[in-house]
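Read the numbers this way: they start at 1 and go in the same order the structure lists the ligands and their atoms.
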Amino acid sequence: MRETPSQEQLLDYFASHVSPQKVNMYRMWGVDFIPGRREGVRVWDYDGNRSWIDCRSAGGVFNLGHRPPRIIAALKEALDSIDMSDHMLASGYRGLLAKRLADLTPGDLQYTTFGSSGGEAIDFALKLARGYTGRPGVVSAEKGYHGHTGLALAATDEFGSKFGPLAPGFRRVPFGDFQALEGAVTDDVAAVIMETIPATAGFPMPPDDWYPSIRKLCDERGVIMILDEVQAGLGRTGRLWAYEEWGIYPDIMVCGKGMSAAIYPVSTATYRKHLQSFFDDNAFAHLSSTGGSELGCVTSLAMLDQITEPGFLEHVRDMGQRFEDGFASLQEKHPAVLKGLNRRGLMMGVVMSRDECGMLMARALAKRGVIAVYAHYNPNILQVMPPLIIKPEEVDEVLDAMDGAMADVGNSLG
Ligand SMILES: Cc1ncc(COP(=O)(O)O)c(C=O)c1O
């Protein structure tokens, strides 16, 4: 019989064969554990001795919590009769999911191409924009993040700097600066791509006219507008799609993370009707062997059923408001640490006084049973993204932990 390794041994295997650097970081952060049981908003360590409320949700993968029962039931049933299916052939499940996405999106967003990861779907969106327009240029945002694959990495700020030369034609403008964006959209530009609410920058909100102005500019100049809803979409902001707030819709909408419902990886790029003509010459111009696996389509459909049920988005808005009220009280209590809150629904950036607060807060929270991490580009902002199914008493538990953690951070700031 195979030996059962201890938690320390497993962490050791991870350090020795996956990444020693990551394990060092986990130790500094206080999350040097191997996940064991997991359920709803909570994760336990391998020994079952410690547990945390997950306020990272892996950026939205765990929108429905850990091991969501309805999704697991749907997958179990599907496993009795289907498999991934051949990606070159027609698929009833891919057709059903694509139709569902078309029904749930505004305007003529009609077709969907599938992938397995967010980066892969972003790559496809940029390929489609370049292929359709015949132009190479792409404008994205400073402090933007779209993934680590080829074109996605070129559109992402900073992370590609060590892997050059990246794909040419990419340029970046400050998020929210329309004048700069207008100047960057020259005749050779195929696409403007934005995270609807930039996660890795700490969820800054754009000026009210940002998206309507981009929409108008793209229409005038024949440029494809791509919105990356990998984190902001699928109910996170209290709306099904984050861009609904600005009364516009993109030419291509990309989803990932939550599309998996934490059970089976799926990503999607849903695009407007006219763009389909790009495939007239070659229906197979883009392929993905595991993208749009039928098993994943089953779990995504079950996830969409759940998040479109009456009351689901209202719950997200209510829990978001409960957090906002709690943070307002904490700001009065800890004015030297807490400076403000970027928030839509349960997408929250807790703005703190200094850059070092990010790591200090993450550590203090881990000690108090909450997992949260700071925004990479703005380490003074703590990202708080609990599962959307979080209950009022769990919100209060997180706020209690925040209170204690802010007291700790206040003390260490002196
Ligand atoms: C906004 C955004 N877009 C794209 C991606 C890439 O997704 P994936 O890691 O699944 O490739 C991420 C991942 O964190 C993301 O946050």
Side-chain angles (χ1 to χ4, degrees), residues 22 54-63 113-129 138-160 163 166-167 170 172 175 191-206 211 225-237 241-243 250 252-270 286 288 290-293 296 299-300 303 342 344-349 371-378 381-385:
K22 283 182 183 166
D54 183 359
C55 281
R56 241 185 60 69
S57 297
V61 170
F62 300 102
N63 276 351
T113 290
F114 299 93
S116 304
S117 72
E120 184 186 355
I122 294 282
D123 274 8
F124 166 74
L126 290 168
K127 281 167 66 179
L128 179 58
V138 175
V139 179
S140 61
E142 288 172 8
K143 300 188 177 184
Y145 185 93
H146 301 284
H148 283 256
T149 49
L151 299 180
L153 185 63
T156 288
D157 204 348
E158 186 203 299
F159 287 90
F163 309 115
L166 299 174
F170 285 74
R172 281 185 277 282
F175 183 74
V192 170
I193 179 167
M194 294 287 145
E195 287 170 82
T196 314
I197 299 174
T200 312
F203 314 119
M205 296 301 151
Y211 285 120
M225 179 179 181
I226 303 171
L227 286 179
D228 176 340
E229 293 254 322
V230 167
Q231 292 215 25
L234 297 171
R236 174 55 58 183
T237 64
W241 314 115
Y243 56 76
I252 310 177
M253 169 186 97
V254 177
C255 292
K257 291 194 189 270
M259 193 59 82
S260 71
I263 295 298
Y264 203 105
V266 181
S267 61
T268 54
T270 301
H286 176 88
S288 171
T290 54
S293 149
T299 51
S300 295
M303 176 277 296
N342 299 333
R344 286 294 183 280
L346 284 169
M347 184 171 227
M348 296 175 281
I371 295 180
V373 72
Y374 56 88
H376 175 81
Y377 298 120
N378 289 319
I381 302 181
L382 187 79
Q383 296 174 324
V384 181
M385 299 235 319

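Taken from OG in S116 to CE in M259, the straight-line distance is 13.0 Å, to the nearest 0.5 Å. Rounding to the nearest 0.5 Å places OG1 of T200 at 10.0 Å from CG of N378.
For ligand 1, the atoms sitting less than 4.0 Å from at least one non-hydrogen atom of E195 are 1 (C), numbered in the order shown with element in parentheses. Within ligand 1, the atoms closer than 4.0 Å to a non-hydrogen atom of G119 are 6 (C), 7 (O), 8 (P), 11 (O), numbered from 1 in the order shown.
Of the protein's non-hydrogen atoms, the one nearest atom 16 (O) of ligand 1 is Q231 NE2, 2.9 Å. Distance from atom 12 (C) of ligand 1 to its nearest protein heavy atom, with residue and atom name: Y145 CE2, 3.6 Å. Protein heavy atom in closest approach to atom 3 (N) of ligand 1: D228 OD2, 2.7 Å. If you check which protein heavy atom lies closest to atom 7 (O) of ligand 1, you get G118 CA, 3.3 Å.
A donor-acceptor distance shorter than 3.5 angstrom exists from the side chain of S288 to the backbone of G291, with no hydrogens or angles considered. D157 contributes no side-chain N or O that, together with a main-chain N or O of Y145, makes up a donor-acceptor pair within less than 3.5 Å.
Contact annotation for atom 9 (O) of ligand 1: protein absent (non-hydrogen atoms, distance under 4.0 Å).
Centroid-to-centroid, the aromatic rings of H376 and F159 come within less than 6.0 Å.
Contact analysis puts K257 in contact with ligand 1, with a non-hydrogen atom separation below 4.0 angstrom.
Within 6.0 Å of the CZ atom in F124, the count of heavy atoms belonging to other residues, nucleotides or ligands exceeds 12.
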